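These notes are about the structure you will find just below.
None of these values were measured; they are calculated from a predicted model. Whatever order the structure lists ligands and atoms in, that order sets their numbers, starting from 1.
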Amino acid sequence: MFNNPEQAILKSWDTNAKAWTQAVRNREIESRNRVTNLAIVDAILAQDFQSMLDVGCGEGWLIRKIASTRPGAKSVDYMGIDGSEDLIRLAQKADPRHTYLNLTYQQLHLDTLPRKFDLIVCNFSLFGKESVDDLLIKLKNLLTENGRILIQTLHVADETTGWQAGSWQGFSERFTDPAPWYKRNHQAWLQTFEQAGLVVSKHRITQDPSSLQTCSVIFILIASNHSAECVEDWLDAEEARQ
Ligand SMILES: C[S@@+](CC[C@H](N)C(=O)[O-])C[C@H]1O[C@@H](n2cnc3c(N)ncnc32)[C@H](O)[C@@H]1O
């Protein structure tokens with residue numbers, strides 16, 4: 001159905017870098033304003049960390065937000081990576097104090113990023129199949145001891161998984177060439193995590209408080225050789241399976 005969907009994802013973000021930056025910075029995405037931005041920020045601020053890697057950081061709003069929310073915190077080392085050169089340039093320009101690298105997930109290796117992080121965040125940035133399967137294995141190896149990975153992604157309630165045609169429905173007319181995406185439901189994510197040697201410590205499904213519509217799921221992952229910890233208000237992985 002798709003001729004090289006992984007490449008199409010990268011190309012689409014290159015094409016739409018400016019439109020995306022405008023949409024994020026002008027707060028044009030209602031679900032972000034109402035629910036998902038706060039949800040990921042709260043989840044990050046509940047963690048104890050000295051270094052954070054934002055994977056698929058886009059134009060960089062999340063690092064800017066977290067860094068400005070914890071100005072008194074001990075110096076935290078923030079880094080963002082993204083496959084789009086334009087988005088990285090815009091992120092670096094908006095935040096010269098931190099480091100933003102133009103790297104695709106396919107290019108990420110221990111020698112391209114020879115260091116480890118306490119916290120790795122992927123906020124709506126995992127779209128591919130093989131690129132994401134491989135990325136999670138690499139991210140696990142970039143974690144410090146007791147480090148964790150936070151992923152916010154679409155919550156898929158139905159049974160179907162597999163490549164889907166993309167759409168910019170609900171976005172402005174500035175957006176073109178939507179990328180395909182690999183749809184994973186909860187079970188498919190759990191399998192992907194297991195293959196990468198990761199387990200879900202906690203997860204949370206976010207909801208719009210007015211419409212009660214489900215907006216996203218946030219997973220907190222740890223390396224499978226570490227024991228889970230407790231975060232109040234979050235579903236235990238065990239409860240979620242019941
Ligand atoms: C929906 S945007 C999210 C950006 C940012 N995390 C945020 O919350 O605004 C998805 C981002 O993932 C990046 N991305 C997707 N697939 C990638 C890949 N294979 N390698 C590097 N970056 C990728 C895109 O370039 C884009 O910036």
Side-chain angles (χ1 to χ4, degrees), residues 2 4-44 52-67 78-92 94-95 98 100-109 112-113 119-139 142 149-154 163 166-172 174-175 177-184 192 206 215-218:
F2 300 104
N4 204 342
E6 301 279 359
Q7 271 312 110
I9 293 170
L10 291 169
K11 189 162 180 295
S12 173
W13 285 104
D14 268 340
T15 306
N16 292 290
K18 286 198 181 66
W20 177 256
T21 302
Q22 220 170 320
V24 171
R25 293 187 181 172
N26 294 342
R27 296 178 58 81
E28 292 172 10
I29 309 166
E30 216 30 54
S31 58
R32 290 191 155 218
N33 301 339
R34 294 174 63 82
V35 182
T36 63
N37 280 1
L38 189 60
I40 193 69
V41 168
D42 280 354
I44 292 171
M52 173 179 137
L53 175 67
D54 186 356
V55 174
C57 63
E59 53 70 58
W61 77 272
L62 189 53
I63 289 181
R64 293 196 302 279
K65 175 72 185 170
I66 300 294
Y78 295 100
M79 185 182 287
I81 63 162
D82 199 281
S84 159
E85 197 179 338
D86 278 349
L87 286 171
I88 285 295
R89 194 176 37 74
L90 290 160
Q92 191 73 72
D95 179 17
H98 301 118
Y100 297 88
L101 299 177
N102 180 206
L103 273 182
T104 67
Y105 305 159
Q106 293 83 337
Q107 290 167 333
L108 180 69
H109 294 290
T112 53
L113 209 56
L119 192 65
I120 299 180
V121 182
C122 306
N123 191 48
F124 294 111
S125 56
L126 304 181
F127 297 100
K129 166 70 176 113
E130 288 79 16
S131 63
V132 170
D133 293 346
D134 293 348
L135 174 73
L136 290 174
I137 297 170
K138 296 186 248 188
L139 294 185
L142 291 176
I149 301 176
L150 265 64
I151 295 177
Q152 177 160 232
T153 188
L154 285 181
W163 284 104
S167 153
W168 288 119
Q169 201 187 341
F171 286 79
S172 81
R174 296 188 303 271
F175 286 87
D177 298 330
W181 59 289
Y182 191 83
K183 179 177 172 187
R184 294 173 213 245
T192 306
T206 71
C215 296
S216 68
V217 54
I218 300 180

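- Between Gly56 and ligand 1, at least one N/O pair is under 3.5 Å apart.
- You'll find the side chain of Leu136 stays beyond 4.5 Å of the side chain of Tyr105, heavy atoms only.
- What sits closest to atom 12 (O) of ligand 1 on the protein, heavy atoms only, is Ser125 CB, 3.6 Å.
- Residue Leu87 places a heavy atom under 4.0 Å from ligand 1.
- Atom 8 (O) of ligand 1 has Asn123 ND2, 2.9 Å as its closest protein atom, hydrogens excluded (heavy atom only).
- At a threshold of 4.0 Å, the pair Arg89-Asp86 counts as salt-bridged, since one of the basic side-chain nitrogens sits closer than that to a carboxylate oxygen.
- Geometrically, ligand 1 and Gly83 share a nitrogen or oxygen pair separated by less than 3.5 Å.
- Some N or O of Asp82 is nearer than 3.5 Å to an N or O of ligand 1, by distance alone.
- Under a 4.0 angstrom heavy-atom cut-off, Leu103 registers as being in contact with ligand 1.
- Some N or O of Arg32 is nearer than 3.5 Å to an N or O of ligand 1, by distance alone.
- At the shortest separation from atom 2 (S) of ligand 1 among protein heavy atoms lies Trp13 CH2, 3.5 Å.
- When the heavy atoms of Trp181, Trp20, Tyr105, Phe124 are ranked by distance to atom 14 (N) of ligand 1, first place goes to Tyr105.
- Other residues, nucleotides and ligands contribute at most 12 non-hydrogen atoms within 6.0 Å of the NZ atom of Lys11.
- Counting heavy atoms under 4.0 Å from ligand 1, residue Ile9 touches it through the side chain alone.
- For ligand 1, the atoms closer than 4.0 angstrom to any heavy atom of Leu10 are 17 (C), 18 (C), 19 (N), 20 (N).
- Between Glu59 and ligand 1, not a single N/O pair is under 3.5 Å apart.
- Using 4.0 Å as the threshold, Cys57 has a heavy atom nearer than that to some atom of ligand 1.
- Proximity of Gln106 to ligand 1 is established by a heavy-atom distance of less than 4.0 Å.
- Taking the six-membered ring for Trp and thresholds of 30 and 60 degrees, Trp20 and Phe175 have ring planes more than 60 degrees apart, a perpendicular arrangement.
- At a threshold of 4.0 Å, the pair Arg64-Asp54 does not count as salt-bridged, since none of the basic side-chain nitrogens sits closer than that to a carboxylate oxygen.
- Below 3.5 Å of separation, one finds an N or O of Trp61 facing an N or O of ligand 1.
- Between Asp82 and Trp13 there is no side-chain heavy-atom pair separated by less than 4.5 Å.
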| task | Could you walk me through whether Ile88 and Cys57 pass the side-chain contact (heavy atoms from CB on, under 4.5 Å) test, one step at a time? | result | CA-CA 8 Å; Ile88 285 295; Cys57 63; 3.8 Å; yes
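- In this structure, Lys65 places its NZ atom where only 12 or fewer heavy-atom neighbours from other residues, nucleotides or ligands lie under 6.0 Å away.
- Checked by atom type, the side-chain pair Gln152/Ser216 shows a donor-acceptor distance below 3.5 Å.
- Within 6.0 Å of atom CD in Glu85, 12 or fewer heavy atoms from other residues, nucleotides or ligands are found, so the atom counts as exposed in its surroundings.
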